[in-house]
Structures are given as C-alpha cells and as structure tokens.
Amino acid sequence: MKDYLATALKRTLMSIPSVPKDFVPELSAPANPDHGDLATNCAMKLARHLRRPPRMIAEEIKDVFMSKHHDPFYVDSVSIAGGGFINFRFANSYLYHELESCLNQGLQFGRSDHGQGKRALVEFVSANPTGPLTVGHGRNAVLGDTQASLLEWIGYDVTREYYFNDAGRQMRVLGASVRSRYEEIVAEETQPFASLPRAVQHRECFQTKTLEGKDNTSIIVADSFPEDGYLGEYIITIARELVREHGIDLLDAPDNNIFEQAAKLAIFSGIRSTLERLGITMEHYFNEKSLYDSGAVTRTLNALRGRKMIYEQDGATWFKTSKLGKETDTVLVKRTGEPTYRLPDIAYHIDKMNRGYDVIINIFGADHIGTYPDILRGLDVLGFDSDRIKVVIYQFVTLTRAGEEVKMSTRKANFVTLDELMDEVTPDVTRYFFVMRSAQKHLEFDLDLAREASDKNPVFYLQYAHARISSILTKASELHLTPDPSPSNLNLLIHEAEIALIKEIIHFPQAITSCAEACEPHRLATYLRGIAEVFTRFYHACRIIGEEEQIATARLALAQATGITLRNGLSILGISAPERM
RNA sequence: GCGCCCGUAGCUCAGCUGGAUAGAGCGUCUGCCUCCGGAGCAGAAGGCCAGAGGUUCGAAUCCUCUCGGGCGUACCA
C-alpha cells in the first residue's frame, strides 16, 4: 500500500510544474484515524518553493492524483484538511485482500525479506561465570533475544552470541572463595562437637573474621576468605558438593584450580538453565581466552602499534584515544603485563567483523557507557567499518518488593537472581516486563504488581485475548462454523470496530520491520497491547456465534487473523500464547 | 569538572523518521454480568510534555542554556 501510494504520489507531483525532481513525498499515519489512514504533508513542504498557499497546492495534487493515478482498489477517498494535509483513506477491498493474505500466511504472517538474508550477530548477556544471573542480566537477556528474533522475522540470518571470560582475577577470587567455604564445611563436619552452634565451632577450630554484607549485615567467614570474595549462598552450595564428592581430600590441594573449575562449571550450567527457562538458546559461546590462544590479542596490539597509536609510559602500554576525540589516553596493557579488558574487547570485535556479519548488535548495561566507544575507536583506526556495529544501551532495573527497593550485587550475599524472579512471576511475565519499556529508560519492576495482580497485568491481557479467540474458534467449529477467508465473504465486515481491527492487524509486518530496524523491541509490546484492545472492542461490539452464517464465518476469519497476529507477536517476545487460561 | 542517558496525568510509562484535539495501564469516581470467556467493557476527572530561549508553515520530538535525577569518567571487570 505504502509502495503504491508513494509511487502514485511521486508521479502525481512530477506532472505538476516546478516541483523539484528529487522531492520525495512523506507518508505517515495521522494521529487521529478520523482524518484518514495515510497522510502526506508535501503540499506544506512545497508551499515555500512554489510560492503558493499549501491548501491550493493540495487541491491541485488531489485533482491530478484522482484523475490520473487513483486506483480504487487501494484508495477509497482523498481529502484535504488542516493547513494542507492530504489524507488518503484505504479502500475496503484492499483491507480484505490483506486480511486474506494474513490468514493464508498463518504462522508466517509478519515475516518479510527486508534483511535479504544478511547476517546479523547479536551479542548479549555475556556475564562472566562468577555467579547466577541477576535481574539486571534479565533485562539484557530479554532485550537481546527479542532483538534477535525481530531480525530473524525480517529475514536476517541471526547468531546469538555470549562472550565470557573465565580467567583472570575475578575467577581467582571465585576459586579462593569456594576453597574457604570448603574448608569451613570440612572443619564443621569433622568435629566431634558438631552439634554445637556453628559460630562456636568456628571459634574452636578456625580463625574467623567478619565481613560486611549488604545493608550493614555482618557475615562471619573463615580467615582464609578473600576480602572481596563472593558471599553468595551459591558458593556454599558448590563447596558442599565438593565435600560430598571428595571428602577432605582437597584440603591439601596445591592451588585453587579444582575449586575454580568446579565453580565455573556449576555456575555456567546454572546460567544456561536460567536462560533456557527464559526460552533463550545461544548459538555460540565465545571464550575470551581463545583470543589469547590464537594470538589475536597480540596481533591487535601490533596492528594498533603499526598505526602509531600506541606508546609506552610508566611501564604501561597506552592507546592514544586523545587523538580520537576522547579527553585522555587509555591503558591497554597494565604495568603488570596483564591487558585491560579493552584490548581483548577490540580483538573480539575484529573477530566479529572478520566473520562477515553485516550487522553487529551489542546489548550493554548503562555502566558500559563510555567504554564501548574505545572499542569503536580501535576498529576505526584499523580501518574497519564500525558503522556496522549498533549498541543498545539499557538503563538499570529497579526491583521493588513491598514498596522497598531491593538492591542487587553478585558479590554480596543479598541479591535477587533471575531464577528467583521467574519463580515469583513466571518466565512469561518476566519477559514481558523486561521488554515493555524503552531500553533507555529506567525500569521499575514492581514485584507485587507483576505477581499478585493478574487482572492488572498487561501480559495476561494479551494472553487472555488469545485464549478467548481460541475458545470462540473451538466453540464455532463444534457448531460446524469455519472461518471463511475469501474476500467476497470478508466484505461483510463493515462495522467500524471490524474495520479498525483489520487495519491494526495488517499493520503487523510493518510494525515488526520498524521495531527491528530501530532496535526498539519495546514497540512490539506496545503494538500488541493495541491489537488486544482493538480486538476486545470488536468482541463486545460484534457477536460471532448466533449471527447469520456468512457474517459469522467472516467474523470468525477476523478473529482467527487476530489470533494469528497475537500468537506471532508473542512468539517474537518469547511469550506463550495459551489456548486456555 | 567532563561525557552519555532520562525528566510527559497522583504513580508506572507510550508517543515511529518534527505534523492536525498529547495517549494507555494502575489509582480515584459513574455505569454495565439471562449475552461467543467480566482476567472484561463504556464513560468521567486528572497535563504550561521540568524551565527559558532558538530553528520553521508547524516542536513533547531538532539546537543552546538552566534546573533536577541516573550511569560513567581506574594500570577493577
């Protein structure tokens, strides 16, 4: 439709004297549907150039359009309003045709080939295996997965990738934390006075100390526990597992390797199963270590050096980011000889580039703002086209429970994991809440609301609409009524609520394209909410079962198309579309 | 100090590349269950789109400044 109108309008304008050859008319949907379905502002745009009042130009455009380029299959009427808007109203024949097309496409409805088989990489989550995924990771995971699905729907070949680092200081601290807990448990379980309170046992057999946990709580740990160790309960679980497997044999372990490995394995498998619960499957896990093993990190540094962007000072290796629009230079290799994370990050993105992706999307938390530009600078310097990289920065999640904010931290004992969240509010609700707001806004996640209030919850509203449609279709089929998608029957749909619903449905493919290309998945949630509302209005205005058969089958077709749209939309959001609730 | 993001109804937020009378949910108030699923519907109240300038036919949207919030600004990840 938009294609037809755009070309018809363009041809119309070309036949009007003194319209610039390169003038491209804009078409947009009016805010108020009473005005029409698509409107153009070109008369106002041209007013200055043609030195004539906009309304007069609009009249001329309308006349030429109607006499030479009007196709009654698409456009019912053209009107002029306001300061010179030209409004086009769709012909019902076009609406029925599109509706039939929706029904024929079924589960494919909404897919397109805008991406033309181009390849896209979406990197998201990318949490290091030092603890369970938190609520913050949840927003990242849902945004990334939804964006990936959107791209698939518009014809991209998409890879979901998880980048992680399982070496370095963080992991050493993790290993030491587990070992300390292990020793603590061993001591506890092998003492003859095991029935005594735990704190007493500690004093008997162990040097202990007190660390400050979240909210001024103090936690007693063994003296061997690292100052910045991981206090989470999951560390104790891992240690306990080691005790069960190895007994006291690990007390003499020469280093913390076995503890580190055990922790890494356990935590990673936990992360995978959490993602699985959310319906997310990564196509690829990328280990930072491979960049060192392959020499990519060294090559990257040398390449930058070759561009004269590297210098040594105070024993460290610096990247001249001050020459690239940043205030200061940036350390790439510390005095200790250990690279900062930026160097392997640049190497990683070179690797992404070399793998030939047309679009590379990164989902980053707001704390990465100001760091990813260094990566882009590195790529630019080395001659890569960093425009292929799109970064979605999302603001943090505030979780509230009983009116109070719940703070989150992997290191401290008191945090809310993504699994705990899903236990409370189900994966469907979790996904919807994380994707329903614009990424660049803070997200307040009210647990009480998400959980207790099913009648206030938008995700239930969507699912309920779908379930209701399924129920109607089932009931109708028991009465031997089946949806009739032929336009000759659909043209019985003339009620205002029916027309409004059809228009909303056939907009679906375009909604997906625009969400995907703008990297704004929340807009899909907004759109689906709208579909459900318009459907509910139709449902109350127009009965299906009990009406004369032809009308009933036409309305059934409309209901079915709504169901298809809801189901497909929800599937992109990773949310189930239940037949019954 | 500097950089990025945000400021829209009492609360949480939509508002697509600038367009016509700024929308929804929750909360408040009025109605509505002989009826295909009431987890709902219809309606009311509620706004100087933080403030001030600017750009133009036209600004919540773009630019500048001010105020207020968030996140960065490490030889931590």
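Below, chain A is the first sequence line, B the second, and so on; all start at residue 1.
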- Query: Within the pair A:R537 and B:G40, is there a side-chain N or O less than 4.0 Å away from OP1 or OP2?
  - Reply: no
- Task: Mind checking A:E533 for me? I need base, sugar-phosphate or nothing, with any heavy atom below 4.0 Å counting as a touch.
- Result: sugar-phosphate
- Query: Under 5.5 Å between ring centres and under 30° between planes: true for A:F85 and the base of B:G19?
  - Reply: no
- Using the C1' atom in both, what is the distance from B:A60 to B:G72, to the nearest Å? 27 Å
- Any side-chain N or O of A:T526 under 4.0 Å from OP1/OP2 of B:A14? no
- Please confirm whether the backbone N or O of A:A167 pairs with a side-chain atom of A:K264, one donor and one acceptor, at under 3.5 Å? no
- Query: Looking only at side-chain N and O atoms, does A:K326 come under 4.0 Å of OP1 or OP2 in B:C2?
  - Reply: no
- Query: OP1, OP2 of B:G38 versus side-chain N and O of A:R468: anything below 4.0 Å?
  - Reply: yes
- Distance between the C1' atoms of B:G46 and B:C11, in whole angstroms? 12 Å
- Distance check: side-chain N/O of A:H442 vs OP1/OP2 of B:C13, anything under 4.0 Å? no
- Task: Would you mind classifying the nucleic acid contact of A:A476 as base, sugar-phosphate or nothing, using non-hydrogen atoms under 4.0 angstrom?
- Result: nothing
- Query: May A:H35 be described as stacking on the base of B:A20, applying a 5.5 Å centroid limit and a 30° limit on plane angle?
  - Reply: yes
- Rounded to whole angstrom, note down the P distance from B:U12 over to B:A20. 27 Å
- Output yes when a side-chain donor or acceptor of A:R52 lies under 3.5 Å from a complementary backbone atom of A:A47, and no otherwise. no
- Message: In whole Å, measure the gap between the C1' atoms of B:C6 and B:U61 for me.
- Response: 14 Å
- Message: Using 30° and 60° as the class boundaries, would you call the ring planes of A:W318 and A:Y311 parallel, tilted or perpendicular?
- Response: parallel
- Can you tell me how far P in B:G43 sits from the matching atom in B:C26, rounded to whole Å? 15 Å
- Between the main-chain N or O of A:R537 and the side-chain N or O of A:H540, is there a donor-acceptor pair closer than 3.5 Å? no
